Structures are given as C-alpha cells and as structure tokens.
Amino acid sequence: MGTIAARPIETAREDVVCPFCAAPWTEAMFAMLDRATLASGCACCGGTVAAHPAPTPVPTEGINCAACGREIYRAVGQA
C-alpha cells in the first residue's frame, strides 16, 4: 500500500477553485468561509465556544464566486 504525502495548507488553498468557472478563490471568499464555520467544527477549541474571546455572528450572505458571481455556498437560513 502506498503512502500519501501531506501537502502544506497554503498549497491546498491555492488549489481551491470555483466549481462553475474554475477561478481561484479570493482571500475575501476564504474570509467569508472562515466566518461561516461553526464553532463545533473549530480545530482550535474543539467546539468549546467559551474558549473564543467573542462569538462571531454567522454571516447572513452566501459565498459567491468573485469571478463569475455564481453562488457557491448559501448562508444559514438563506432561501
């Protein structure tokens, strides 16, 4: 059985593209994804929300591709 070499996060981040137009994600798109990540999936606190200095409000807008404008992720509660 072969082994899989781990790649640095920076390299993996560079590989993230829009599923519709294949444009790379912008830093603003990654920032929106970070804001939308729920505390239960947080690697730094393991879901212990009290470990964070202040709660971050969940975004009300979805994540749209900066190049083509199509919606990639829909915000929680967005129709």
Side-chain angles (χ1 to χ4, degrees):
M1 185 181 292
T3 59
I4 298 173
R7 295 182 342 171
I9 291 174
E10 292 79 23
T11 302
R13 215 172 145 115
E14 291 172 3
D15 292 340
V16 179
V17 297
C18 172
F20 305 108
C21 71
W25 275 44
T26 63
E27 285 304 314
M29 292 166 68
F30 280 116
M32 289 180 74
L33 183 64
D34 288 343
R35 287 193 304 272
T37 303
L38 299 176
S40 62
C42 181
C44 73
C45 71
T48 307
V49 180
H52 288 280
T56 304
V58 175
T60 56
E61 71 278 357
I63 300 174
N64 295 338
C65 175
C68 71
R70 293 189 65 183
E71 186 174 56
I72 299 171
Y73 288 103
R74 188 170 287 160
V76 175
Q78 186 180 14

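Numbers here simply count residues along the sequence, with the first being 1. What you see is a predicted model; the values in this text were computed from it and never measured.
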If you look at every heavy atom in Ala66 and Thr26, which pair is closest and at what distance?
CB-CG2, 3.6 Å
Answer whether the closest heavy-atom distance between the side chains of Ile72 and Asn64 falls below 4.5 Å.
no
Output for pair (Cys21 SG, Arg70 CZ), nearest 0.5 Å, gives 9.0 Å
To the nearest 0.5 Å, what is the distance between CD on Glu71 and CD on Glu61?
10.5 Å
Can you say whether the rings of Tyr73 and Trp25 are parallel (under 30°), tilted (30 to 60°) or perpendicular (over 60°)?
perpendicular
May I ask whether Val16 and Met32 are part of the same hydrophobic cluster, defined by side-chain heavy atoms of I, L, V, M, F, W, Y residues being less than 4.5 angstrom apart, directly or through others?
yes
Partner residues of Ala31 under the side-chain contact (heavy atoms from CB on, under 4.5 Å) criterion, sequence neighbours left out:
Arg35
Point-to-point distance, once rounded to the nearest 0.5 Å, from CE of Met29 to SG of Cys18:
6.5 Å
Could you tell me which residues satisfy ring-ring contact (aromatic ring centres under 6.0 Å, His included) with Phe20, sequence neighbours excluded, listed by chain and number?
none
